*Asks:* 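Mind having a look at this structure? Questions to follow.
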Amino acid sequence: AQSVTQPDIHITVSEGASLELRCNYSYGATPYLFWYVQSPGQGLQLLLKYFSGDTLVQGIKGFEAEFKRSQSSFNLRKPSVHWSDAAEYFCAVGAPGTYKYIFGTGTRLKVLA
Amino acid sequence: SQTIHQWPATLVQPVGSPLSLECTVEGTSNPNLYWYRQAAGRGLQLLFYSVGIGQISSEVPQNLSASRPQDRQFILSSKKLLLSDSGFYLCAWNRGTGLNTEAFFGQGTRLTVV
């Protein structure tokens with residue numbers, strides 16, 4: 001069965017520091033990959049997505065993610081974090097041939113001023 | 001442009017009472033529709049999805065049910081709520097061409113069962 005692992009439940013960084021959120025997936029082929037962000041009490045907003053092609057994808061708000069097939073990973077990065085980036089981040093996979101998106105348990109980001 | 005509406009935003013219901021959450025999508029046709037539940041520390045759990053009117057796939061056996069009476073309407077129901085049904089419920093849609101497209105989420109319904 002497909003699964004998504006986000007090993008870091010909480011991450012705290014200082015404003016201006018770099019950020020990397022980890023995501024590993026389990027799937028027999030290359031799935032479709034997504035990162036979403038959720039502010040408290042709100043729905044999810046898409047940050048970026050990977051379907052095929054260039055393994056480094058750019059998203060909104062200065063985020064990027066790199067797909068590494070050999071590591072089954074799709075880590076999210078940002079070179080300089082802003083206080084407004086404090087939120088919960090979810091990695092998700094879409095399994096080709098199904099209609100299901102499978103989400104990780106999320107990483108809550110705290111930004112110190 | 002497409003929009004998704006979910007209501008109510010918050011709901012407090014006693015144990016054993018019925019539930020009806022509604023989700024509608026505007027500006028598109030034949031979307032795939034999804035209900036997710038989010039519990040603290042557990043990420044998003046897929047409850048139901050629908051690829052067409054009257055077509056419901058259930059992912060988790062429980063006392064919830066879903067219906068799709070119209071193309072762009074998705075309803076989550078329960079006849080008798082349990083305490084464990086508390087959580088944040090999110091409706092989502094995608095363009096119906098498969099998963100090589102992102103899901104768009106509503107603003108969610110916070111359900112507290114007391």
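On a predicted model such as this, the values are computed, not experimentally measured, just so you know. Residue numbers start from 1 in every chain, and the chains themselves are labelled A, B, ... in the order their sequence lines are given, proteins ahead of strands.
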*Asks:* Considering only heavy atoms from C-beta outward, does the side chain of Tyr99(A) approach that of Tyr34(B) to under 4.5 Å?
*Replies:*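 Heavy-atom side-chain distance check passes, below 4.5 Å.
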*Asks:* Taking side chain to side chain donor-acceptor pair (under 3.5 Å) as the definition, give me every residue that meets it alongside Tyr36(B), ordered by chain and number, with sequence neighbours left out.
*Replies:* none
*Asks:* Give a yes or no on whether the ring-centroid distance for Tyr36(A) and Phe105(B) is below 6.0 angstrom.
*Replies:*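 Yes, close enough.
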*Asks:* Could you tell me which portion of Leu46(A) (side chain, backbone, both or neither) has an atom closer than 4.5 angstrom to a non-hydrogen atom of chain B?
*Replies:* side chain
*Asks:* Taking all non-hydrogen atoms of both residues into account, name the closest pair between Ile75(B) and Glu22(B) and its distance.
*Replies:* CG1-CG, 4.2 Å
*Asks:* Looking at Gln45(A), Arg108(A), Gln38(A), which one has more heavy-atom pairs under 4.5 Å with chain B than the rest?
*Replies:* Gln38(A)
*Asks:* Give me the one residue out of Phe103(A), Phe51(A), Phe90(A) that meets ring pair (Phe, Tyr, Trp, His ring centres under 6.0 Å) with Phe34(A).
*Replies:* Phe51(A)
*Asks:* When only heavy atoms count and the cut-off is under 4.5 Å, which of residues 61-72 of chain A reach chain B?
*Replies:* none
*Asks:* Of the options Val57(A), Val93(A), Thr55(A), which is the one that meets Phe74(A) in a side-chain contact (heavy atoms from CB on, under 4.5 Å)?
*Replies:*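 Going through the options one by one, the only one that passes is Val57(A).
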*Asks:* Would you please say whether a donor-acceptor pair under 3.5 Å links the side chains of Thr5(A) and Asn24(A)?
*Replies:* no
*Asks:* Show, in sequence, the C-alpha distance, side-chain angles and deciding distance for Arg37(B) and Gln45(B), and conclude whether the side chain to side chain contact (heavy atoms under 4.5 Å, CB included) test is met.
*Replies:* CA-CA 5 Å; Arg37(B) 178 169 61 198; Gln45(B) 179 186 36; 3.3 Å; yes
*Asks:* Quick check on Gln38(B) against chain A: is it the side chain, the backbone, both or neither that has a heavy atom closer than 4.5 Å?
*Replies:* side chain
*Asks:* Checking Leu44(B) against chain A: side chain, backbone, both or neither under 4.5 Å from a heavy atom?
*Replies:*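 Interface part for Leu44(B): both.
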